[in-house]
2 protein chains.
Amino acid sequence: MTATPVVSLSNIKVACQNCSLASLCLPMGLAPADVDKLEAIVKRSRPLRRGDHLFESEHKFRSLFAVKTGSVKTYTLGPDGNEQVLGFHLPGELLGLDAIQSDVHRCSARVLETSSVCELPFERLEELASHIPTLQHQLFRLLSKEIGQDTDMVALLSRSPAEERLASFLLSLSERYQRRGFSAKEFILSMSRQEIGSYLGLALETVSRLFTRFQEDGILRVDRKHITILDLERLRKVIAHQTNCDQQAQGPN
Amino acid sequence: MTATPVVSLSNIKVACQNCSLASLCLPMGLAPADVDKLEAIVKRSRPLRRGDHLFESEHKFRSLFAVKTGSVKTYTLGPDGNEQVLGFHLPGELLGLDAIQSDVHRCSARVLETSSVCELPFERLEELASHIPTLQHQLFRLLSKEIGQDTDMVALLSRSPAEERLASFLLSLSERYQRRGFSAKEFILSMSRQEIGSYLGLALETVSRLFTRFQEDGILRVDRKHITILDLERLRKVIAHQTNCDQQAQGPN
DNA sequence: CGTAGCTTTGAAGATTTTCAACCTTAGTGG
DNA sequence: CCACTAAGGTTGAAAATCTTCAAAGCTACG
């Protein structure tokens with residue numbers, strides 16, 4: 001009898017949390033045996049350094065990538081050669097979902113700080129999913145979630161003035177860090193003002209001025225890339241501020 | 001009286017053939033037997049009229065919807081009660097993909113003109129997909145495509161001035177109509193200036209002024225909702241216009 | 001130290017929005 | 001048939017927001 005490795009619950013948990021398959025495993029839970037199969041197709045990569053590419057636009061799509069630690073930005077080059085930042089990806093988040101359709105990456109992904117990632121060969125993932133309905137379901141959910149987030153971003157960009165955009169961005173970072181067990185109120189930005197501006201559709205100077213204003217207002221403490229949220233309530237209020245009606249109802253997801 | 005109908009009967013036939021499952025079946029082709037199974041779970045609905053809802057925000061998610069004829073807009077209400085248009089959906093396009101994750105609709109879908117749609121109960125679709133790998137693959141592609149489109153929208157909104165946004169919007173409509181066999185150069189807008197503005201992050205007045213300017217420039221002919229693209233080349237050029245470095249001898253400024 | 005790369009800040013300029021008025025079209029009922 | 005109304009569209013002028021240009025400050029790093 002072969003000595004099958006014992007899979008304890010805590011092991012799985014650890015595996016899921018460390019490898020950022022968390023995004024796949026946690027939401028509804030696969031059977032332990034299925035988690036093993038999933039783990040089996042994951043390629044763990046060496047740590048990447050700032051400036052390294054996970055993939056580049058126009059290159060053949062093979063794998064999804066999950067950020068384990070660090071952070072990654074996705075971007076395209078506009079017709080004028082300017083970089084357009086499309087997103088920032090923190091631990092536990094997936095990249096490359098937009099490439100499934102075209103079989104070719106539609107954007108580039110560059111590491112912002114020393115980071116580690118998992119690589120998930122998509123063909124094998126698909127093959128696995130066709131045998132594990134729960135995994136299939138999780139993948140659908142994952143893709144759908146990405147659509148929802150993009151939709152939120154579209155709404156933000158088409159409706160909100162600069163102040164609200166930056167506030168939303170900071171709250172989004174805060175929530176995402178918190179969900180991964182980091183501090184919700186204090187973090188280091190791994191991206192420049194320029195990159196934040198590009199992402200939010202603002203000039204870098206506008207971003208800088210807003211950081212200053214938020215600090216003056218006592219909402220934030222800003223020390224270059226070191227952000228401390230001093231007044232979460234008020235930061236939230238900046239977003240809901242709009243016409244400042246009377247209602248306060250805002251449902252959390 | 002217009003001499004030439006913009007939408008001919010044969011065009012409609014083409015669009016209807018395959019129901020709008022075209023978006024599912026055509027891209028890579030399911031086996032005929034599988035197409036039958038797919039057809040079997042589709043609910044065909046009666047025609048809907050302007051103002052009818054396909055689904056509403058916060059309601060339970062059960063089905064995806066495919067537009068067969070007509071057009072549908074998706075929108076949310078901002079915290080101030082203002083409507084934020086998220087998208088316009090033409091024949092052959094799917095709605096509801098963002099709800100898979102939350103099991104609840106995250107936006108509302110309202111019919112802009114007399115339209116017909118198919119309803120695809122998602123649970124049954126998923127069940128089917130788990131037995132038909134090709135269908136699973138098509139669904140992944142479909143979701144991925146949506147992500148890619150949303151990403152394009154994000155890039156448009158965060159990078160482009162008003163002129164380019166409207167030009168992109170018109171080109172997008174043109175391409176989508178053409179793909180379904182309608183005229184690429186002449187179509188009727190089923191949405192108001194207000195709705196276009198909301199979608200593009202512009203005031204309705206700005207949209208109106210741009211239509212006027214495009215017409216003055218000879219790029220479009222605009223008669224209320226009836227749009228004729230007179231100079232497709234120049235419309236494309238509006239988008240690529242950016243801050244070009246060395247080329248660009250001519251500019252509309 | 002000194003340079004390079006961000007970041008901050010100020011002032012001028014451009015784009016876009018807002019406010020307001022007027023116009024056009026389609027639908028309604030006298 | 002016509003006037004009336006409501007909704008959507010156009011247009012102008014003032015105001016707000018944001019960007020651009022320019023310069024100077026700060027940090028990190030060799």
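Reckoned from all heavy atoms, side chains included, excluding hydrogens, waters and symmetry mates. A note on names: the letters A, B, ... follow the listed sequences, proteins ahead of strands, and every chain is numbered from 1.
Here A:Asp152 pairs with B:Arg106 in a salt bridge; the nearest charged N to carboxylate O distance falls below 4.0 Å. Using a cut-off of 4.0 Å between Lys/Arg side-chain N and Asp/Glu carboxylate O, B:Arg236 and B:Glu233 are scored as salt-bridged.
At a threshold of 4.0 angstrom between heavy atoms, the contacts of A:Ser192 are confined to the sugar-phosphate backbone, with no base atom among them. B:Leu204 comes within 4.0 angstrom of a base, heavy atoms only. Using a 4.0 Å heavy-atom criterion, one finds that B:Gly201 contacts the sugar-phosphate atoms exclusively.
In this structure, CE of B:Met191 is placed 11 Å from P of D:dG9, rounded to the nearest angstrom. When rounded to the nearest whole Å, the span between CG of B:Leu189 and P of D:dG8 equals 15 Å. Between the CZ atom of A:Arg213 and the C1' atom of C:dT9 there is a distance of 14 Å, rounded to whole Å. Taking atom CD of A:Gln194 as the reference point, atom P of C:dG5 lies 13 Å away to the nearest angstrom. When rounded to the nearest whole Å, the span between CZ of A:Arg224 and P of D:dG25 equals 15 Å. Computed from coordinates, the A:Ile196 CD1 to C:dC6 P distance equals 13 Å when rounded to whole Å. Taking atom CG on B:Leu210 and atom C1' on D:dG9, their separation rounds to 14 Å, with Å as the unit. B:Glu83 has its CD atom 11 Å from the P atom of D:dG8, to the nearest Å.
Judged by distance alone with a 3.5 Å cut-off, a donor-acceptor contact links the side chain of A:Arg209 to the base of C:dG10. For C:dC6, its base never sits under 3.5 Å from the side chain of A:Glu195 at any donor and acceptor pair. The base of C:dC19 is paired with the side chain of B:Glu205 by a donor and an acceptor separated by under 3.5 Å. A:Arg193 contributes no side-chain N or O that forms a donor-acceptor pair with the base of C:dG5 under 3.5 Å.
At the phosphate of D:dT19, OP1 or OP2 sits under 4.0 Å from a side-chain N or O atom of A:Thr206. Applying the 4.0 Å criterion to OP1 and OP2 of D:dT27, one finds that A:Lys225 has every side-chain N and O outside that range. Regarding contacts with the backbone of C:dC6, every side-chain N or O of A:Ser208 stays at 4.0 angstrom or more from both OP1 and OP2.
Although no hydrogens or angles enter the test, the distance criterion places a donor-acceptor pair under 3.5 Å between the side chain of B:Ser144 and the main chain of A:Asp98.
Residue A:Val222 has its side chain nearest to C:dT8 when only D:dC18, C:dT16, C:dT8 are considered.
Taking a 6.0 Å sphere around NZ of A:Lys145, one finds it holds 12 or fewer heavy atoms contributed by other residues, nucleotides or ligands.
Residues A:Leu77 and A:Glu83 share a closest heavy-atom pair of CD2-CA, 3.8 Å.
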